Amino acid sequence: MSREAPVLAIDQGTTSTRAIVFAADTSILGQAQQEFPQYFPHAGWVEHDAEEIWESTLATVRGALSQARLQAGQLPALGITNQRETVVVWDRRDGKPIHKAIVWQDRRTAGLCQELKEAGQEARFTASTGLLLDPYFSATKVAWLLDEVEGAREAAEAGHLAFGTIDSFLIWRLTGGRQHLTDATNAARTLLFDIHRQAWDAELLDMLRIPAVMLPEVRDCADDFGTCDPALFGAAIPIRGVAGDQQAATVGQACFETGMMKSTYGTGCFALINTGERAVASTHRLLTTVAYRLDGKTTYALEGSIFVAGAAVQWLRDGLGIIERASDSSALAETADPEQQVVMVPAFVGLGAPHWDAEARGAIFGLTRGCGPKEFALAALESVAFQTRDLIEAVRADGALDKDLVLRVDGGMTASDWTLQRLADILGAPVDRPTVLETTALGAAWLAGHAAGVWPDKAAFAATWKLDRRFEPQMAPDLRERRLALWQDAVRRTLTTR
Ligand SMILES: Nc1ncnc2c1ncn2[C@@H]1O[C@H](COP(=O)(O)OP(=O)(O)O)[C@@H](O)[C@H]1O
Ligand SMILES: O=P(O)(O)OC[C@H](O)CO
């Protein structure tokens with residue numbers, strides 16, 4: 001196979017699906033993107049239609065191939081990266097989902113998590129999975145489906161139902177129902193996978209009454225995940241790379257060394273720091289997770305997860321209607337009155353790390369008669385910087401950051417220079433934006449190309465990382481401290497677990 005061969009990546013995100021064809025030098029040959037509907041059937045519930053996700057996958061892969069003027073047969077491999085934790089349960093007999101997908105942001109299982117916590121089970125879950133008992137993760141969502149969808153439990157026990165995160169569901173569909181697989185990074189987000197033994201945890205499955213027969217087989221991130229049904233794209237493209245989107249971004253940002261950190265600003269914000277072969281147990285409510293698994297060797301990460309980053313900008317657009325496009329938010333924030341002290345805690349679906357308060361809801365403090373859309377825009381964008389700062393403090397307190405912080409950033413929101421400048425100001429540390437902003441897709445493409453033997457090794461790939469712009473902190477330290485104090489007070493007043 002030629003080392004010049006292009007590689008396709010499918011990036012199935014929370015709000016849109018993208019397909020991108022990368023050339024061997026990581027330039028983009030063709031791409032397509034499609035948004036799909038979000039369903040909010042009750043307060044705190046978030047669903048997707050897995051069929052709509054599937055349709056958007058087919059359309060974007062075809063669109064990207066056509067824009068790149070390539071035939072499927074010219075691709076040695078494709079990679080899949082995906083919104084993590086989101087649960088699809090489908091019937092193996094007809095491949096149809098039994099219910100809408102329950103999205104990672106969905107809080108409907110907060111009660112079950114609380115019951116398990118009160119029964120003293122959190123430490124058991126954390127010791128094995130590196131995670132916490134929060135509705136964010138897949139396990140309690142699967143349990144909910146088995147309890148609530150008529151006939152589901154019996155069908156699952158009879159071996160008819162399959163559970164998967166979005167990667168698994170797409171692999172199943174792409175291979176014409178021949179493969180039920182996932183990778184170690186996605187498995188690590190289910191709250192059912194022992195990240196130390198790299199195996200499903202039978203005791204946790206029992207505790208949640210989830211039959212093991214529903215689960216996919218777990219493979220490395222660069223591995224053989226079957227081949228696409230040739231009827232879909234005209235040829236059987238091999239699926240050779242899979243990783244959850246935050247882990248794929250860690251790879252795409254070439255954070256291969258211990259201590260390297262990236263933060264991705266999409267719907268939510270997720271900061272991962274590579275901790276090497278050591279699964280560091282956090283004492284500050286961060287998650288321990290799999291960064292990637294290559295050739296059977298697991299590299300771990302500490303992760304801080306924030307549920308609302310770009311989603312706050314979407315709320316300015318769709319909820320308040322004060323902007324037309326997400327990109328209008330910066331111009332509005334720039335013209336906000338500097339005398340106003342508005343602070344927004346965007347706890348629309350509770351708060352993630354380091355607070356883990358599933359019941360908290362969003363709040364805005366400091367309103368005066370002089371406040372309007374500009375101050376709301378500023379507060380929404382600045383909340384992302386404050387939340388990142390809280391994560392980094394937790395990483396430092398866990399002792400995982402032993403050198404000066406330089407944060408590599410990516411994701412849709414990093415198109416906003418204002419946001420990145422404010423991020424550097426609030427962190428008091430430099431923020432690096434690379435030239436390739438599609439790092440998530442690039443990471444998945446690298447994994448697939450690596451497995452297929454057509455892309456360079458880790459070191460050569462890392463050498464292709466290029467800086468677009470470094471944002472240096474400019475805010476006066478006393479102003480930063482004043483703003484931080486306002487934020488901390490606002491969070492304190494928002495938490496239900498004070
Ligand atoms: N110029 C911008 N300024 C601020 N936010 C933006 C901008 N462009 C996109 N966003 C936000 O980024 C998010 C989309 O980023 P993306 O990485 O595609 O997310 P996801 O993978 O979660 O679907 C949206 O929430 C959107 O509001
Ligand atoms: O869709 P994103 O990019 O916000 O990522 C979602 C995460 O994978 C959820 O854990």
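These numbers come from a predicted model, not from an experiment. Both counts, for ligands and for their atoms, begin at 1 and track the order of listing.
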Looking at residues at least two apart in the chain, or sitting in another chain, which of them share a ring-ring contact (aromatic ring centres under 6.0 Å, His included) with Trp144?
Trp45, His99

Should we count CZ of Arg278 as having more than 12 external heavy atoms under 6.0 Å?
no

Residue pair Glu122 / Leu116, side-chain heavy-atom distance below 4.5 Å
no

Near Ser416 (heavy-atom distance under 4.0 Å), the atoms of ligand 1 are 3 (N)

Arg433 bridged to Asp417 by N-O distance under 4.0 Å
yes

The protein heavy atom nearest to atom 5 (N) of ligand 1 is Met413 CG, 3.3 Å

Element-labelled atoms of ligand 1 that are located less than 4.0 Å from some non-hydrogen atom of Val313
5 (N), 27 (O)

Using 30° and 60° as the class limits, which term best fits the ring planes of Trp487 and Phe386: parallel, tilted or perpendicular?
parallel

Give me the residue, atom name and distance of the protein heavy atom closest to atom 1 (N) of ligand 1.
Ser327 CA, 3.4 Å

Below 3.5 Å, N or O to N or O, backbone or side chain included: is there any such pair between Gly13 and ligand 1?
no

Answer yes or no: is there a donor N or O on one side and an acceptor on the other, between the side chain of Thr185 and the main chain of Gly244, under 3.5 Å?
yes

Minimal heavy-atom distance between Trp418 and Ser330, with the atoms involved, is CB-CB, 3.9 Å

Mind checking what makes side chain to side chain donor-acceptor pair (under 3.5 Å) contact with Thr14, not counting sequence neighbours?
Trp104

If I take atom NE2 from residue His180 and atom OG from residue Ser168, how far apart are they, to the nearest 0.5 angstrom?
4.5 Å

Is it the case that ligand 1 has an N or O less than 3.5 angstrom from some N or O of Gln33?
no

Backbone or side chain, does any N or O of Ser330 fall under 3.5 Å from an N or O of ligand 1?
no

Considering only protein heavy atoms, which is closest to atom 22 (O) of ligand 1, and at what distance to one decimal place?
Thr267 OG1, 2.5 Å

Could you pull out every N or O of ligand 2 that sits under 3.5 Å from a protein N or O, with the distance for each pair?
from	atom 1	to	atom 2	distance (Å)
ligand 2	1 (O)	Thr14	N	3.1
ligand 2	1 (O)	Thr14	OG1	2.4
ligand 2	3 (O)	Asp245	OD2	3.3
ligand 2	4 (O)	Thr267	N	3.3
ligand 2	4 (O)	Gly268	N	3.3
ligand 2	5 (O)	Asp245	OD2	2.8
ligand 2	5 (O)	Gln246	NE2	3.2
ligand 2	8 (O)	Arg84	N	3.0
ligand 2	8 (O)	Arg84	NE	3.0
ligand 2	8 (O)	Asp245	OD1	2.5
ligand 2	8 (O)	Asp245	OD2	3.4
ligand 2	10 (O)	Arg84	NE	3.2
ligand 2	10 (O)	Arg84	NH2	3.0
ligand 2	10 (O)	Glu85	OE1	2.6
ligand 2	10 (O)	Glu85	OE2	3.4
ligand 2	10 (O)	Tyr136	OH	2.8

Do any N or O atoms from the side chain of Asp357 and from the backbone of Leu495 form a donor-acceptor pair under 3.5 angstrom?
no

So, using ring-ring contact (aromatic ring centres under 6.0 Å, His included) as the criterion, who are the partners of Phe22 when residues are at least two apart?
none

for atom 24 (C) of ligand 1, nearest protein heavy atom and its distance come out as Gln314 NE2, 3.9 Å

Using a plain distance cutoff, I'd like to know if Thr15 has any nitrogen or oxygen under 3.5 Å from a nitrogen or oxygen of ligand 1.
yes

Check each atom of ligand 1 against the heavy atoms of Ser329 and keep those under 4.0 Å away; list them by number with element.
3 (N), 4 (C)

Would you indicate whether Lys117, at its atom NZ, is surrounded by more than 12 heavy atoms from other residues, nucleotides or ligands within a distance under 6.0 Å?
yes

Short N or O distance, Gly310 and ligand 1, threshold 3.5 Å exclusive:
yes

Ala311 heavy atoms within 4.0 Å reach ligand 1 at atoms 25 (O)

Can you sort out which atoms of ligand 1 are near Arg18, meaning under 4.0 Å from one of its heavy atoms?
16 (P), 18 (O)

Determine the interplanar angle of the Phe256 and Trp446 rings, folded into 0 to 90°, and report it as parallel if under 30°, tilted if 30 to 60°, perpendicular if over 60°.
tilted

Could you find the nearest protein heavy atom to atom 14 (C) of ligand 1 and give me its residue, atom name and distance?
Gly412 CA, 4.2 Å

Which residue supplies the protein heavy atom nearest to atom 19 (O) of ligand 1, what is that atom called, and how far is it?
Gly266 CA, 3.4 Å

Thr288 (side chain) donor-acceptor with Val280 (main chain) under 3.5 angstrom:
yes

